[in-house]
Amino acid sequence: MTVREPGVAGYLGRAMSLELAMVQQYLSHARLASQWGMDRAATWLRGEAQGEMEHADRISGRLLALGMVPGASVLRPVAPVRDFGSLLQANRDREREIVAFYEGAVTYCQRLGDADGGAFFNELLAEERQHLAEVEAWFTAYTEGGTSRSQRRR
Ligand SMILES: [Fe+2]
Ligand SMILES: [Fe+2]
């Protein structure tokens, strides 16, 4: 059994596409937040984009270490949003999908007996759960704030 088995390559390739799609989504949404005068939210979203970029960097390293080259091509388009509430919902949906994806990747590696791969995906999973918690905290602050321009997050 080897980590170069097509399933693992598939998970890594898909992970790269998901991470890069989040980079473009967070960058785009950060610009929108700036346009709406929400500087604190814009800074947070830009930081998220950097976090996703760092994930893509780690996946690149993992692929190269396994003798593969990253091959993400068509990225999922940025979710169109009309206000800060729908922006948060769009990112909550995507972070949930990524959490579910990495859960699947960890389970897959465990079934394969690939401890290294499982640990690799598990770290990403923990960080994506953190992203999801952050988006949810923003969403709670936004909805409880009751104002369309709430920036009550610390
Ligand atoms: Fe990520
Ligand atoms: Fe994320």
Side-chain angles (χ1 to χ4, degrees), residues 3 6-36 38-66 68-110 112 114-143 150-154:
V3 288
V8 171
Y11 273 107
L12 286 167
R14 179 86 183 116
M16 181 61 99
S17 294
L18 289 169
E19 297 289 356
L20 291 176
M22 284 313 285
V23 171
Q24 76 170 355
Q25 175 151 311
Y26 277 127
L27 286 177
S28 166
H29 287 177
R31 285 281 168 182
L32 274 177
S34 287
Q35 285 174 20
W36 295 335
M38 303 181 73
D39 295 340
R40 190 190 299 267
T43 300
W44 164 60
L45 291 162
R46 224 161 256 126
E48 292 300 294
Q50 281 165 8
E52 309 296 16
M53 176 95 88
E54 200 268 324
H55 288 172
D57 181 36
R58 260 191 261 164
I59 294 161
S60 271
R62 180 86 186 152
L63 280 163
L64 293 170
L66 297 175
M68 297 179 258
V69 288
S73 52
V74 178
L75 299 182
R76 193 170 172 189
V78 173
V81 297
R82 61 189 180 283
D83 54 27
F84 192 56
S86 60
L87 180 154
L88 291 172
Q89 282 176 314
N91 289 300
R92 186 177 60 181
D93 290 349
R94 294 268 176 111
E95 293 291 359
R96 279 180 180 158
E97 286 173 30
I98 290 180
V99 163
F101 170 78
Y102 282 133
E103 285 170 348
V106 168
T107 302
Y108 180 82
C109 288
Q110 284 169 345
L112 212 63
D114 175 7
D116 283 355
F120 177 78
F121 284 121
N122 209 33
E123 267 187 39
L124 291 167
L125 172 60
E127 290 172 32
E128 298 300 353
R129 282 182 174 145
Q130 184 57 37
H131 291 176
L132 179 57
E134 285 168 28
V135 178
E136 284 175 340
W138 272 90
F139 192 74
T140 301
Y142 177 75
T143 50
S150 169
Q151 295 198 52
R152 292 186 180 191
R153 284 281 291 160
R154 296 168 309 278

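Whatever order the structure lists them in is the order used to number ligands and atoms, beginning at 1. One is the number of the first residue; the rest follow in order along the sequence.
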Q.
I'd like the atom name of the N/O/S atom in Glu19 lying closest to the Fe ion (ligand 1).
A. OE1
(Q) Quick check on the Fe ion (ligand 2): does Glu95 put an N/O/S atom closer than 2.8 Å to it? (A) yes
Q. Angle class for the Phe84/Trp138 ring planes (parallel below 30°, perpendicular above 60°, tilted otherwise)?
A. perpendicular
Q. Considering only N, O or S atoms, which atom of His55 is nearest to the Fe ion (ligand 1)?
A. ND1
Q) If you measure from the Lys or Arg side-chain nitrogens to the Asp or Glu carboxylate oxygens, is any gap between Glu19 and Arg58 under 4.0 Å? A) no
(Q) Would you say that Gln25 contacts Glu52 through its side chain, given a criterion of any heavy-atom pair below 4.5 Å between the two side chains? (A) no
**Q.** Over all atoms of both residues, closest heavy-atom pair of Leu12 and Ile59
**A.** O-CG2, 3.6 Å
(Q) Can you tell whether the side chains of Glu97 and Arg76 come within less than 4.0 Å, N to carboxylate O? (A) yes
Q.
Restricting to N, O or S, what is the name of the atom of Glu128 that lies nearest the Fe ion (ligand 1)?
A. OE2
Q: Return the name of the atom in His131, of element N, O or S, nearest to the Fe ion (ligand 2).
A: ND1
Q) So which of the N, O or S atoms of Glu52 lies nearest the Fe ion (ligand 1)? A) OE1
